[in-house]
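Okay, so here's the structure we're looking at.
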Number of protein chains: 2
Amino acid sequence: MFSQAEENYLKALVQLIHFRDQGNEVGTNELALYLNVKPATANDMLKKLREKSLVSYVKYGKISLTTEGQKAGMDVVRKHRLWETFLVEKLDFTWDEVHEVAEQLEHIKSKKLVNSLDDFLQNPKFDPHGDAIPDREGRILIPYQRLLSEVSIGKSGKVVSVKDNSNSFLQYADKIGVRIGGMIEVAGRESYDGQTTLRVENKDHTVSDKFCMNIHVVCPTCKLGKDCSKNDCSF
Amino acid sequence: MFSQAEENYLKALVQLIHFRDQGNEVGTNELALYLNVKPATANDMLKKLREKSLVSYVKYGKISLTTEGQKAGMDVVRKHRLWETFLVEKLDFTWDEVHEVAEQLEHIKSKKLVNSLDDFLQNPKFDPHGDAIPDREGRILIPYQRLLSEVSIGKSGKVVSVKDNSNSFLQYADKIGVRIGGMIEVAGRESYDGQTTLRVENKDHTVSDKFCMNIHVVCPTCKLGKDCSKNDCSF
DNA sequence: TAATAAAGTTAGGTAGACCTAACAAAAAAT
DNA sequence: ATTTTTTGTTAGGTCTACCTAACTTTATTA
């Protein structure tokens, strides 16, 4: 079994290496920044994880996860996202309240618990933020998604996830009716600065390009699969 | 907030001081034994808890909890028992599988989580072992209960709790149909060695006195309250 | 390409929670 | 009431996960 700290590093590496749109190279500094520790600390831990064959990297080189390390990290992500789903669906937590608690719950060690919880929630494929939940083997479904900032004028998308998890962002999104599973139409976009007019629940809101770059949407007709273009796709 | 270790000590002290039938005096050695640590370790922690005004004791003297310490310990017990209830009722864990996982879950820090869970479970008063669940203020209902070994021949009792939580005991109890909430009739008892014949679900089982001393039962007609004798009590 | 900046590493140090071994006080037994 | 046993305490050490400060390597840029 892994310590809580080890699990945090493995999860962080999975997120930085596998769950990012571009730039899947990770360094000590970036990892440290992500985990709110100092580079020296991250470096210590990387050596420890290398000893345990969970990561592979050479001095001054880039970091990658071994198969075993990736599996372990995925498992933490799986638990985190299942607990988030539980909190929202069963205990009526709101979208922006779950993260902190899930950070603790993800470290509970019990295979039976995770799998029972999965069944209890009816094996959800996506969590309340719209992120994919890895299955027992660490596999995830990858919806064909793009940033709201890249959706053409006049087209619509269904919100599947957000990149920013800060309270200020989540509350703002919530206020203008932007939530996971909801539809957004791009009514207009200013070429000068990317200011974008969104139509949400029949109301228009003008938001910044920055805001749009934090929201992932999928084509509402063909949510899954990479062959989206074959259908009469919204994008 | 308290560390996980601190919480464990506070919980242990609550159990040893308040949740025991007799001998509510606790010493360093006993506490250490209970927590599977060495006396020196327990002593270190006691000094730390005294610093924080959670326990009060003098060198070589007996240990007691301050009001604050008792509240904190009760809170851990509350969480432990709520999670056990959740595991059994919602995730179909069995009686003897819950303890280990609840030991981890009890340390999750979120008032909202505990109270939501409490509501989700419909504010249970007793956990799957039949132990009382403290409420938000740390209060518990005390059922008028006695040991099965003290129930007279011919009388019946409803099982409310067990003292032994070892797997061997729990599995044995389960095998002969003894479970929380179930009825047991004392059909006979050998005065020589206390061998007792129990009638459970219309079957008779002969068990040892030791076994009976681990089971708490309440009068089935007047479960709560100390004024049991007023009614036509089964005992 | 040499100077500067950024990224990564090492050495040595702290706090928490545990340990062993030696010792002191209190309780029990002779 | 003295010895023995039990119980409790102290001192000093380990391991984990963090830290700072100093240093080295790699990358950037002038």
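Protein chains get the first letters and strands the later ones, always in sequence-line order, with residue 1 at the start of each.
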Practice task
Salt-bridge test for A:D119 and A:R136: reply yes if a basic N is under 4.0 Å from a carboxylate O, no otherwise.
Solution key: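 Salt bridge flag = yes for A:R136 with A:D119.
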Handout entry: Note: A:R78-A:D118 ion pair, threshold 4.0 Å (strictly below)
Key =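 Salt bridge flag = yes for A:D118 with A:R78.
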Problem - Phosphate contact (C:dA7 OP1 or OP2) by A:K62 side-chain N/O below 4.0 Å - result: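 The answer is no; no side-chain N or O of A:K62 sits under 4.0 Å from OP1 or OP2.
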What integer distance in Å separates [X]:[atom1] from [N]:[atom2]?
| X | N | atom1 | atom2 | answer |
| --- | --- | --- | --- | --- |
| A:L35 | D:dC18 | CG | C1' | 12 Å |
| A:K52 | D:dC15 | NZ | C1' | 12 Å |
| A:L31 | D:dA17 | CG | C1' | 14 Å |
| A:F2 | D:dA17 | CZ | C1' | 17 Å |
| B:I63 | D:dT7 | CD1 | C1' | 11 Å |
| A:Y60 | C:dA7 | OH | C1' | 9 Å |
| B:L46 | D:dT10 | CG | P | 11 Å |
| A:N8 | D:dA17 | CG | P | 10 Å |

Practice task
Would you please indicate if the ring centroids of B:H99 and B:H129 are separated by under 6.0 Å?
Solution key: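 B:H99 vs B:H129: aromatic centres not under 6.0 Å.
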Practice task
Check for a donor-acceptor pair, side chain of B:R146 on one end and backbone N or O of B:V217 on the other, with a separation under 3.5 Å.
Solution key: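 Pair absent, no side-chain N/O of B:R146 close to backbone of B:V217.
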Exercise for the section: Answer with yes or no whether the side chains of A:T94 and A:E97 bring together a donor and an acceptor at under 3.5 Å. Expected result: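 Yes, a side-chain donor-acceptor pair sits under 3.5 Å.
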Problem - nucleotides 10-20 of chain C: protein proximity per nucleotide (B base, S sugar-phosphate only, - neither; heavy atom, under 4.0 Å) - result: B-----SSBBB
Practice task
Tell me, please, whether A:F169 has A:K163 positioned over its six-membered ring: NZ or CZ under 6.0 Å from the ring centre and within 45 degrees of its axis?
Solution key: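 No cation-pi geometry.
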